[in-house]
Amino acid sequence: MPQAPSRSRRALIAGSVGNFIEWYEFGVYGYFATIIAARFFTPEGGSEIEGLVRTYASFALAFFFRPVGAALFGRLGDRIGRRPVLILVIVLMTAATTLIGALPTYATAGALAPWLLTFLRVVQGLSAGGEFGGAVSVMTEFAPPGRRGLYGAWQSFTVALGLLGGAGVAALLAGLLSESQLGAWGWRLPFLLALPMGLGALWLRLRLDETPAFRAAEAVVRPPRREVTRAIALGAGRIMGWAAAGYTFLVVLPSYLQSTLDATFQQALIATVLANLGFASAILPAGLLSDRLGRRPVMLTGALLVVALAVPLLNLLQHPGPSLAVKGVAVFGAGAVVGLMAGPGPALLAEMFPTSVRYTGLGLAYSLSNAVFSGCAGLLITEVVDRTGNADVPAYYAAGACAVSALALGVGRVGVAVVGAR
């Protein structure tokens, strides 16, 4: 018993570090989307918007492989343990991200270049699909009684840190390098940084213990498949607003501001940093609050606020009248509202599944929701804005998804029929 606090903290760090690397890379890919489009998806004569759409298509494809990874690695994690599978996925994730930084561009490798990039994105999608379920299982299964919300919130908090890390590195490079240097070779550096980060994460996970809940549940009978499937569908619905609003405000925003509102790269990155700071500031308090008030009331508040405020926020950014300070506060607030959903979200999903199917169940719920509502966000928003000329599309997208999430959060209990012991 005296070792329990240190084991819990070690599990928290080992579980969080993979999420940081995963979202650092996804953030970097989003922040450098316009440069990647020019280097990999826009051959001579292709338009800028066509290249951006293809870049986001590759982005979306990686997300659609997340459910495959969640099912594959989740099944392994529920059978052989959380620890060995989390070690495997961090190796795959680190290797794929590092190799992106070393890829030849279209100018060097021709049509092979976008295919190589897409293949590595698929590997990232598979590993990311196996990351979330295992990380949240470890965090919540090691959490002290009454602290699951706070411990699970660390998963979302490291997502924010990863996105901020990616934005910070991108902003630093944009400040230090010329535009031509950034486009020629500077964009590679953030991806190559994944190698030392991944080696550190691997060392932490090699020292991780298997969770007591998994060891205790090895002989437990698995629940009916129908009940698990129902829980996965409901869980995906409950977090789809988090997925859609999060990616709209935290990742797609830079390219949207540049391509639609004619912002500079630096201005777009500053807006993204502010949004992610707001996101990060709300996550842990929201997780802690959910331990006291319940998961759904906190998440429902966040979803309804997005429904009410998404369109006014975007109109504020579009209007030339408000000062930059006012716009900065608005963007910060938008990120904080998403944090209200992201903080309690991991614990809510974990509590919907018993230990014997938790890795698979919560991983699939999360990855399915993200595949549809995060992975497609950039592609859909860019394409629809281009076709319709309506600059409010991102707000409609986020608000619509959050409205559905609000309905799903109002259905049934926090858990469903498959809820079990720790």
Subject >> Pairs satisfying salt bridge (Lys or Arg N to Asp or Glu O under 4.0 Å), at least one member in residues 87-96, at least two apart >> reply: none
**OP:** Kindly write out the residues that satisfy salt bridge (Lys or Arg N to Asp or Glu O under 4.0 Å) with Asp392, not counting sequence neighbours, or none if the list is empty.
**Re:** none
Original post:
Which pairs pass salt bridge (Lys or Arg N to Asp or Glu O under 4.0 Å) with one or both residues in residues 186-205, sequence neighbours excluded?
Top reply: Glu131-Arg205
**OP:** Could you go through the side chain to side chain contact (heavy atoms under 4.5 Å, CB included) check for Ile36 and Leu117 one step at a time?
**Re:** CA-CA 10 Å; Ile36 292 172; Leu117 176 61; 3.8 Å; yes
Subject >> Under 3.5 Å: donor-acceptor pair, side chain of Arg238, backbone of Val411 >> reply: yes
**OP:** Give a yes or no on this: more than 12 heavy atoms of other residues, nucleotides or ligands lie within 6.0 Å of atom CH2 of Trp115.
**Re:** no
Subject >> Donor-acceptor pair, side chain of Arg66 and main chain of Ala128, under 3.5 angstrom >> reply: no
Subject >> Thr158: partners by side-chain hydrogen bond (donor to acceptor under 3.5 Å, both in side chains), with sequence neighbours left out >> reply: none
Subject >> Residues that Val91 engages under side chain to side chain contact (heavy atoms under 4.5 Å, CB included), provided they are two or more places apart >> reply: Leu202
**OP:** For Arg387, enumerate each residue passing the salt bridge (Lys or Arg N to Asp or Glu O under 4.0 Å) test, keeping only those at least two apart in sequence or located in another chain.
**Re:** Glu383
**OP:** Please find out if less than 6.0 Å separates the ring center of Tyr247 from that of Trp23.
**Re:** yes
Without placing hydrogens or testing angles, list every side-chain donor-acceptor pair under 3.5 Å for residues 323-344, not counting sequence neighbours.
{"unit_1": "Ser323", "atom_1": "OG", "unit_2": "Val326", "atom_2": "N", "d": "3.2"}
{"unit_1": "Lys327", "atom_1": "NZ", "unit_2": "Leu317", "atom_2": "O", "d": "3.3"}
{"unit_1": "Lys327", "atom_1": "NZ", "unit_2": "His319", "atom_2": "O", "d": "2.9"}

**OP:** Can you sort out the partners of Phe132 under ring-ring contact (aromatic ring centres under 6.0 Å, His included), two or more places apart, ordered by chain and number?
**Re:** Tyr366
**OP:** Give the ring-plane orientation class for Phe20 versus Tyr24, where under 30° counts as parallel, over 60° as perpendicular and anything between as tilted.
**Re:** parallel
**OP:** Mark yes or no for whether Thr140, through its side chain, and Arg148, through its backbone, hold a donor-acceptor pair below 3.5 Å.
**Re:** no
Original post:
Got a donor-acceptor contact below 3.5 angstrom from the Thr355 side chain to the Phe214 backbone?
Top reply: no
Original post:
Excluding sequence neighbours, so at least two apart, what forms ring-ring contact (aromatic ring centres under 6.0 Å, His included) with Phe73?
Top reply: none
Original post:
Can any side-chain N or O of Thr98 pair as donor or acceptor with the backbone N or O of Ala95 at less than 3.5 Å?
Top reply: no
Original post:
With sequence neighbours excluded, what pairs up with Ser156 under the side-chain hydrogen bond (donor to acceptor under 3.5 Å, both in side chains) test?
Top reply: none
Original post:
Do Arg82 side-chain atoms and Gly77 backbone N/O form a donor-acceptor pair below 3.5 Å?
Top reply: yes
Subject >> Qualifying salt bridge (Lys or Arg N to Asp or Glu O under 4.0 Å) pairs with a residue from residues 299-321, counting only residues at least two apart or across chains >> reply: none
Output side-chain donor-acceptor pairs under 3.5 Å for residues 163-178, partner residues at least two apart or in another chain, one line each.
{"unit_1": "Ser178", "atom_1": "OG", "unit_2": "Ser180", "atom_2": "OG", "d": "3.1"}
{"unit_1": "Ser178", "atom_1": "OG", "unit_2": "Gln181", "atom_2": "N", "d": "3.2"}
{"unit_1": "Ser178", "atom_1": "OG", "unit_2": "Gln181", "atom_2": "OE1", "d": "3.4"}

Original post:
Has the side chain of Thr97 got a donor or acceptor atom that lies under 3.5 Å from a matching backbone atom of Thr94?
Top reply: no
